[in-house]
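By convention in this document, chain letters (A, B, ...) are assigned in the order of the sequence lines, proteins followed by strands, and residues within each chain are numbered from 1. None of these values were measured; they are calculated from a predicted model.
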Amino acid sequence: MSQNALVNEMNVLEVEMPVADERDVRAVEHVSIAQLSINDARINRGQVIHAAAILVLPTMGVAAAAYLAVRDGVSLMEITVLAAMYSVAWIGITVGYHRLFTHHAFRAGKLVRMGLAIAGSTAGQGPVNYWVTNHRRHHHYSDKPGDIHSPYYRGRDAIKGGFFSKFFHSQVAWTFIHEHSNTAVIAKDMLRDLSIARIHRQYFLWLGLSFVLPAVIGGLWTMSPLGALKGFLWGGLMRLFLTYHSTNFITSLTHMWGKQVYKTTDSSRNNGWLAVITFGEAWHNNHHAFPSWAYFQHRWYQIDLGGIFIRTLELLGLVYDVRRPLQRAMDARSLARRPHVVSSS
Amino acid sequence: MKSSAAKAVTNFRDQGAIETWIASYIARVIEKDAGELDENATFESFGLDSVSVVGMTGDLGQWLEREIDPVVVYDHPSIRGLAAYLAASR
């Protein structure tokens, strides 16, 4: 028997006798993690209900809070629960969901990661994996077809019309219609952290507690049911109204209005007054130029409360490997003339 | 001889093969060894979220050359359960 014939004979035998191992190897070879966009009726229905709830309910809450404020005035309690819950949500979004989980701009231990994921959940912008996949997709397609919340594209189609059409899509409408992205394709790192996966699943629990907590504080502060209601309205619904719209000013306004200091492939801009209320997020051109840096502050006068929070955690030894701005990289990408270059005019 | 070879190819997508495919898929996503995964544990317990489970049924459907309604995963949320259901419902 020649060697070839022997090989052929063995091949035939292998086909004839698909022992478990042989079969398994072939199944393994066919594994491919391919589906980026997820279009599922249940998930889409949940998206529309969630988008409607976080748009409509907080707006109604603001109206109720305004009525009571006109009737009774506003006390320190309402201001306190609003400021506290607003800060928790914004720190959770910009430091947790955004800089840590989406961009790995610094590293942190398990408890800090869990705390930031919980704080981010209180902002009512979806569970952490959902936010991370959305945001990685935004950076990938930024202001190009496929960007889920650009003022310039609705899915693949350019948005026709003026400022209002562009603003309305990127401020509100995108939340109802955008495509979902597969975590297994663009955020495998999120699935591997089981403590974060649990918080992802408990999203509604943490979001719910962010309404219960200010109500309890309001009730205990004033020792009255009316105080609990006001705590709920100010620390819960009005807070969510403000975090919703200030966050979506980043998806809308900071891609339309402000100053571009770096050359980027998108329309991201810096906007100083928005930066204060968005915990640094509105230094958005800075961020798009260098997405993985922990600090959005690149100049001494650029206030970045999220960056200050990270620096504080670092000084306390709670986070490490913080990615800092590099002067040479900033100079290389800057659109401004270098100081030593004399203008010819 | 020919017919037994053909039979082997058909059997290639039986319950055991589907189990292996799902376990290998999850193993690749969460970077574990496929052999370490408990076939009776829920997809959730491996850290998978709903979007990634729907994505997995899409990729699995591509391989099996059939449409899989992602809803079946809610009733059969484990490697063994889903594979058994798919092998039986062919």
Practice item. Kindly compute the distance separating OG (A/Ser170) from NE2 (A/His255), expressed to the nearest 0.5 Å. Key: 8.5 Å
Review point. So, A/His287 and A/His139: side-chain donor and acceptor under 3.5 Å apart, yes or no?
Key: yes
Review point. For the rings on A/His180 and A/Tyr130, is their centre-to-centre separation under 6.0 Å?
Key: yes
Practice item. Give a yes or no on whether the ring-centroid distance for A/His135 and A/His140 is below 6.0 angstrom. Key: no
Exercise for review: Please state whether the side chain, the backbone, both or neither of A/Ser37 comes within less than 4.5 Å of a heavy atom of chain B.
Suggested key: neither
Check your understanding: Salt bridge between A/Asp193 and A/Arg113, side-chain N to carboxylate O under 4.0 Å?
Key -> yes
Check your understanding: Which distance, rounded to the nearest 0.5 Å, do you find between the CG of A/Leu209 and the CZ of A/Phe211?
Key -> 11.0 Å
Check your understanding: Looking at A/Leu191, A/Val185, A/Ile196, which has the largest count of heavy-atom pairs under 4.5 Å with chain B?
Key -> A/Leu191
Point to revise | Engaged part of A/Ile43 at the chain B interface, taking heavy atoms whose separation is under 4.5 Å | key: side chain
Check your understanding: Are there residues of residues 38-49 of chain B that reach to under 4.5 Å of chain A by heavy atoms, and which ones?
Key -> B/Glu44, B/Ser45, B/Phe46, B/Gly47, B/Leu48, B/Asp49
Check your understanding: Is it true that the side chains of B/Tyr25 and B/Asp59 contain a donor and an acceptor less than 3.5 Å apart?
Key -> yes
Check your understanding: For A/Ile38, is it the side chain, the backbone, both or neither that has a heavy atom under 4.5 Å from a heavy atom of chain B?
Key -> side chain
Check your understanding: Given the options A/Asp40, A/Asn129, A/Asp189, which has more heavy-atom pairs under 4.5 Å with chain B than any of the others?
Key -> A/Asp40
Check your understanding: Judged by modelled atom types alone, do A/Thr251 and A/Gln171 share a side-chain donor-acceptor pair under 3.5 Å?
Key -> no
